Amino acid sequence: ASAIGSDWEELRAEFYSADEIAEMDSQAAIVVEFIKARQERGISRKELEELSGVSQSSIASFEHGRMNQTILSLQKILKPLGKRLAIIPI
């Protein structure tokens, strides 16, 4: 790891618990997969708004990690992307 990466990991470990770090990493992974699915389908945020009924600003906020979506909203925006929510063992 680079010096910067090492410093970030140390800083993160100093300020967050292992559970908090795992939760943040999980949330980031969800957002990355969501963006990837949207881009793979060639769907813009505006098009996704039209397909899902969830506002473009809410979609953008979710993609930037600034807003938690309700399960209902997530289901609405995942459906046009050919995705669904699933609960899996950790």
Side-chain angles (χ1 to χ4, degrees):
S2 69
I4 293 173
S6 176
D7 290 342
W8 168 243
E9 291 301 322
E10 290 173 13
L11 199 84
R12 216 163 77 133
E14 184 178 333
F15 287 99
Y16 299 102
S17 71
D19 286 344
E20 289 171 321
I21 291 170
E23 185 176 317
M24 288 186 289
D25 289 347
S26 178
Q27 290 172 356
I30 290 167
V31 170
V32 166
E33 287 301 314
F34 174 81
I35 293 169
K36 189 169 113 179
R38 184 178 61 75
Q39 292 174 340
E40 285 173 353
R41 293 214 176 230
I43 297 174
S44 70
R45 289 179 184 148
K46 183 66 179 166
E47 290 169 320
L48 188 54
E49 173 186 52
E50 292 165 5
L51 293 167
S52 69
V54 176
S55 74
Q56 182 180 351
S57 62
S58 290
I59 293 166
S61 292
F62 176 70
E63 287 185 354
H64 288 101
R66 291 192 304 256
M67 188 174 100
N68 289 326
Q69 295 291 322
T70 65
I71 291 174
L72 181 59
S73 292
L74 278 174
Q75 289 172 322
K76 286 179 179 179
I77 57 180
L78 289 173
K79 186 176 181 179
L81 301 176
K83 304 288 183 184
R84 64 183 173 92
L85 290 176
I87 298 174
I88 58 172
I90 54 174

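Small disclaimer: the values here were computed from a predicted structure and weren't measured. Sequential numbering from 1 along the given sequence is applied to the chain's residues.
Connection of W8 to M24 is established within a shared hydrophobic cluster, with ILVMFWY side chains joined at heavy-atom distances below 4.5 Å, either directly or through further cluster members. I43 and V32 fall into different hydrophobic clusters, where Ile, Leu, Val, Met, Phe, Trp and Tyr side chains are chained together by heavy-atom contacts under 4.5 Å.
Sorted by first and then second residue, the ring pair (Phe, Tyr, Trp, His ring centres under 6.0 Å) pairs with a member in residues 29-54 read F34-F62; sequence neighbours excluded.
S44 and E47 are linked by a side-chain donor-acceptor pair at a separation below 3.5 angstrom, with hydrogens and angles left out of the test.
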All N/O donor-acceptor pairs, side-chain side in residues 72-90, below 3.5 Å, sequence neighbours left out:
{"residue": "S73", "atom": "OG", "partner": "T70", "partner atom": "OG1", "Å": "3.1"}

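The nearest pair of heavy atoms linking Q56 to E49 is N-OE2, 3.1 Å. Closest heavy-atom contact between E20 and F15: OE1-O, 4.3 Å.
Considering only heavy atoms from C-beta on, V31 stays 4.5 Å or farther from Q27 through its side chain.
A salt bridge between R12 and D25 is present, with a side-chain N of the basic residue lying under 4.0 Å from a carboxylate O of the acidic one.
Not a single donor-acceptor pair under 3.5 Å links the side chain of S58 to the backbone N or O of V54. At distances below 3.5 Å, not a single donor-acceptor pair connects side-chain atoms of S26 with backbone N or O atoms of A22.
In terms of the side-chain hydrogen bond (donor to acceptor under 3.5 Å, both in side chains) criterion, E33 has no residue partners (sequence neighbours excluded).
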